[in-house]
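Here the structure comes first, spelled out in structure tokens, and everything after it is commentary.
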Amino acid sequence: MNIFITGASSGFGLEASRLFIEHGHTVIGLARRHDRLMALKTELGDNFYPLTADMQDLASIKQGVENLPEPFDQIDVLINNAGLALNLSPAFEADFADWQTMIDVNIRGLSYITHLILPQMVERNDGYIINVSSTAGTYPYYGSNIYGPTKAFITSFSLNLRADLVGKNIRVTNVEPGLCGETEFSNVRFKGDDAKAEAVYADVDAVTGKEIADILYWLTTQPKHLNVNRIEIMPTMQTFAGLKVVKQSESSS
Ligand code: 8X3
């Protein structure tokens, strides 16, 4: 199969690129960082096609997708993995530029790529879209004010695609990971403050990027008549915070 993976240069996308190639598939890896993609190309060989494009630059995505050479031009599986969180400030202290970036990448970029690739799947009446959402799309937490809603969009988008694709041989799965270590997620969120990022995973047996990649691969091995609509994964050590009550004496008013 030919697998198109966004965010291929790190985290789940990198692990998934390696895994699909290891299993004899071809991968188009989209990422912004050209040098990383080139290193990955050197590692993975001819079955990997590096596509340098910025998720915020729709023209570069369009140019790349519309000019894919054979045999990479027929996409069997689209893994919409690229996404990011920026900051953990409460909404009233957040930087609006951070909100815009999250909306641009997690919502606008993801929908644009899907819009570009879905028609060829419909034409062939064959394909699979896997969207990487998050537990943050279901459960709010402090500081997830826009990140969470962008992931809720992805979850709703996946389910709505399923509705539109009724009667077609095209599957859609929404993958919802919780706390995952060994990725750049928190380094990006804290803008390079590695100590802060490390503290998030200290003393927690978090899910790994490789474990999420294994799930992405497993999904593609399921029979075509079976659609996993949603799959939510958390470390055993993570759970819901529950409804928080602040006592009058603790409240700021
Ligand atoms: C990331 C999940 O729990 O780190 O999408 O916010 S969490």
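Counting starts at 1 for both ligands and their atoms, in listed order.
Atom numbering of ligand 1 starts at 1 in the shown order; those under 4.0 Å from a heavy atom of S134 are 1 (C), 2 (C), 5 (O).
At a threshold of 4.5 Å between non-hydrogen side-chain atoms, the residues D76 and T220 do not count as touching.
Distances between N or O atoms of Y147 and those of ligand 1 include at least one value under 3.5 Å.
Scanning the protein heavy atoms around atom 7 (S) of ligand 1, the nearest turns out to be Y141 OH, 3.9 Å. The protein non-hydrogen atom at the shortest distance from atom 4 (O) of ligand 1 is F185 CE2, 3.7 Å. Ranking protein heavy atoms by distance to atom 3 (O) of ligand 1, first place goes to Q238 NE2, 3.3 Å.
In the displayed structure, K41 atom NZ is contacted under 6.0 Å by more than 12 heavy atoms of other residues, nucleotides or ligands. Counting heavy atoms of neighbouring residues, nucleotides and ligands inside a 6.0 Å radius, atom NZ of K168 does not exceed 12 of them.
Taking the six-membered ring wherever Trp is involved, the centroid distance between the rings of F12 and F185 does not fall below 6.0 Å.
Between H23 and Y217, the angle of the ring planes stays under 30°, which puts this pair in the parallel group of the 30/60° scheme.
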